[in-house]
There are 2 protein chains.
Amino acid sequence: MSATPTDAKPGSTCAVIDIWEVLGKRWSLLIIKNLSTKETIRFNELKRALAGISSTVLSERLLELEREGLVTKKIYPEVPPRVEYSLTAQAKELEVIIKELAHWVARWKRPQSVAPSAETKKEE
Amino acid sequence: MSATPTDAKPGSTCAVIDIWEVLGKRWSLLIIKNLSTKETIRFNELKRALAGISSTVLSERLLELEREGLVTKKIYPEVPPRVEYSLTAQAKELEVIIKELAHWVARWKRPQSVAPSAETKKEE
DNA sequence: CCGTATCCCCTCCGATACTG
DNA sequence: CAGTATCGGAGGGGATACGG
C-alpha cells in the first residue's frame, strides 16, 4: 500500500484502516446502500428498511458516518420533528469503489465453500 | 448496488457483505498488506511484522482468508516445519481496489475531526 | 516453528423503556 | 417522529500455556 515502513498500532497504520473500522461495522454498508437508493431518507424510514436494527445502533452508525463526512443530517424544526439523512459527495465516490468491490466479488464467486485443508498445498 | 429487491438478513443481503464481514475484522487488511509486500511469508515472520497480534487470531484470520480464496498456504514437511503464505490472484485484484480506497481516503482527508452537531444543517 | 486450547475481559449490538 | 438511557447476552480478540 503506502510506503510506510513501520506498522505499529492496528488502528492507525494507514488511513484506510480508520475508515475501514467504521465501514466494517455491522449495518454501515447497508445504511449507505439504502441512502444511495433514495438520496434522502428519514430516521424511521431507514430503520424500517433495515428491518432488525435498533434505534440505538442506527443512531450510532449515522453519527459515525456523519463524523466521517459520509452522511449529512438536516433537521426541520417541525412538530412532529423531521430529520433527513443523505449521502455526501464523498460517499457517492465511495459508492463507486464499493461497486467495483461488488464486481470483484461477482467475478470470483466460487460455486461453493471449499474446506481450507483441501486446497492447502503440500510440498512433496 | 445489485438489483436485489428484498433485503432481509444483514449477513447475506448482497455478496459484498460477506467479504466485508471478513475483511472488516481486525488485522485482516493489515495481513493482506503485509503479504502484498513480500509475496511469500512465514507464520512467525508475519506475526512479528504485525506486532501485537496473537497466534490465535493470526491463525484464525489466515484461515478465513484462505476460505475466501485470498490466501494460499504451502506446507513444507520439514523439521522444523515451514509454512508459507501468499496472496492469490484474486487477492491481488482486490489490492487494486483497496488502493483506490486508500486514494479516496487521501483525497478526502479532513484537516481534523469535526463535531457532528457543528455541521448538521438546520432548516430555518 | 507452527499452530491449538483455554480463559477472560471487553466491546458490540439487540431489547426495552423513556423523553423532547 | 427522532432519538437517548440502561441493561444484558454473545462473541471478538488478547494472554498464556501447551502440543506436533
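Lettering of chains follows the sequences in order, A, B, ..., and the numbering in each one begins at 1.
Atom CG of A:Leu62 and atom P of D:dG3 are 8 Å apart (whole Å). Rounded to an integer number of Å, the gap from NZ of B:Lys47 to P of C:dT4 is 12 Å. Across the protein-nucleic acid pair, B:Lys74 atom NZ and C:dC1 atom C1' stand 18 Å apart, rounded to whole Å. Straight-line distance from the CD atom of B:Glu78 to the P atom of C:dG3: 13 Å, rounded to whole Å. Distance, B:Arg48 CZ to C:dC2 C1': 12 Å, rounded to whole Å. Atom CD in A:Glu84 sits about 14 Å away from atom P in D:dC1, given to the nearest Å. Here C:dG14 presents its C1' atom at 12 Å from CD of A:Glu60, a figure rounded to the nearest Å. Atoms CG (B:Asn44) and P (C:dT4) sit 13 Å apart, rounded to a whole Å.
Within the 4.0 Å cut-off from OP1 or OP2 of D:dT4, at least one side-chain nitrogen or oxygen of A:Ser59 is found. In this model, the phosphate group of C:dC2 is approached by a side-chain N or O of B:Arg42 to a distance below 4.0 Å at OP1 or OP2. A sub-4.0 Å separation between OP1 or OP2 of C:dG14 and a side-chain N or O of A:Arg26 is present.
Closest contact between the side chain of A:Lys73 and the listed nucleotides D:dG3, C:dC2, C:dT16 involves D:dG3. Picking from D:dG14, C:dT4, C:dA5 the nucleotide with the shortest atom distance to the side chain of B:Thr56 gives C:dA5. Closest to the side chain of A:Trp27, out of C:dC2, C:dG14, D:dA15, is C:dG14. Comparing D:dG14, D:dG3, D:dC1 against the side chain of A:Tyr85 picks out D:dG3 as the nearest. Checking C:dA15, D:dG14, C:dC2 against every side-chain atom of B:Ser54, the shortest atom distance belongs to D:dG14. Residue B:Pro80 places its side chain closer to C:dC1 than to any other of D:dC1, C:dC1, D:dA5. For B:Pro81, counting side-chain heavy atoms from C-beta on, the closest listed nucleotide (D:dT4, C:dT4, D:dG20) is D:dG20. For B:Phe43, whose side chain is taken as the heavy atoms from C-beta onward, the closest listed nucleotide among C:dC2, D:dG3, C:dG14 is C:dC2.
Remark: side-chain polar atoms of B:Trp108 are not paired, donor with acceptor, to backbone N or O of A:Leu70 under 3.5 angstrom. Remark: the backbone N or O of A:Val22 is paired with a side-chain donor or acceptor of A:Ser28 at under 3.5 angstrom. A donor-acceptor pair under 3.5 Å is absent between the side-chain atoms of A:Thr40 and the main chain of A:Ser86, judged by distance alone.
Side-chain contact check for B:Gln90 and A:Trp104: no donor-acceptor pair (N or O, by modelled atom type) lies under 3.5 Å. When only modelled atom types and interatomic distance are considered, A:Lys47 and A:Ser55 share a side-chain donor-acceptor pair under 3.5 Å.
Heavy atoms of A:Lys25 sit under 4.0 angstrom from primed sugar atoms or phosphate atoms, though from no base atom.
By the 6.0 Å contact criterion, CD on A:Glu39 is open, its count of non-hydrogen atoms from other residues, nucleotides or ligands being 12 or less.
Between A:Arg82 and B:Val57, the residue anchored closer to the 5' end of DNA chain D is A:Arg82, taking for each the nucleotide with the nearest heavy atom.
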